[in-house]
Amino acid sequence: MNDREKVVEYELQIEDMLHALQERISELEGKKLDEFEEGRLLAYTEMMDIIKTRHKMILEVIEE
């Protein structure tokens, strides 16, 4: 697998993670949440931010 193919594969994996997290966030949004579910929602939201930030950093390195 060449570098270009690896980048495409990583992009697909990142997309899949973001979609999975968004689905879980959507399941919780708009509902009355107990303390545990509020914690889950916060964790999912933080993971989305972390993944997006790391993805941006990786793209910057690749573009150099």
Problem - NE2 on H19 to CD1 on I14, rounded to 0.5 Å - result: 11.5 Å
Exercise for the section: Check the hydrophobic clustering (I, L, V, M, F, W, Y; side-chain heavy atoms under 4.5 Å; chains of links allowed) and say if L42 and Y44 are grouped together. Expected result: no
Practice task
Would you mind reporting whether Q22 and I25 have side-chain heavy atoms less than 4.5 Å apart?
Solution key: yes
Practice task
Determine which pairs satisfy side-chain hydrogen bond (donor to acceptor under 3.5 Å, both in side chains) with at least one residue from residues 51-61, sequence neighbours left out, and list them in order.
Solution key: E11-H55
Exercise for the section: Heavy atoms only: give me the nearest E29-L41 pair and the separation to one decimal. Expected result: CG-CD1, 4.4 Å
Exercise for the section: Using a 4.5 Å cut-off on heavy atoms from C-beta on, say whether the side chain of K31 contacts that of E37. Expected result: no
Handout entry: Criterion side chain to side chain contact (heavy atoms under 4.5 Å, CB included) on E15 and L18, from CA distance to verdict
Key = CA-CA 5 Å; E15 265 186 50; L18 292 174; 5.8 Å; no
Problem - For L33 against L28, the heavy-atom pair lying closest together - result: CD2-O, 3.4 Å
Problem - Under the side chain to side chain donor-acceptor pair (under 3.5 Å) test, residues paired with Q13 that sit two or more places apart - result: E9
Handout entry: E5 side chain vs N2 backbone, donor-acceptor pair below 3.5 Å
Key = yes
Exercise for the section: Can you establish whether the number of heavy atoms outside E35 located under 6.0 Å from its atom CD is more than 12? Expected result: no
Handout entry: From Y10 atom OH to L59 atom CG, the distance as rounded to the nearest 0.5 Å
Key = 13.5 Å
Exercise for the section: Side-chain contact test, heavy atoms from C-beta onward, threshold under 4.5 Å: evaluate it for M57 versus V61 and give yes or no. Expected result: no
Practice task
Please name all residues satisfying side-chain contact (heavy atoms from CB on, under 4.5 Å) with D16, sequence neighbours left out, ordered by chain then number.
Solution key: none
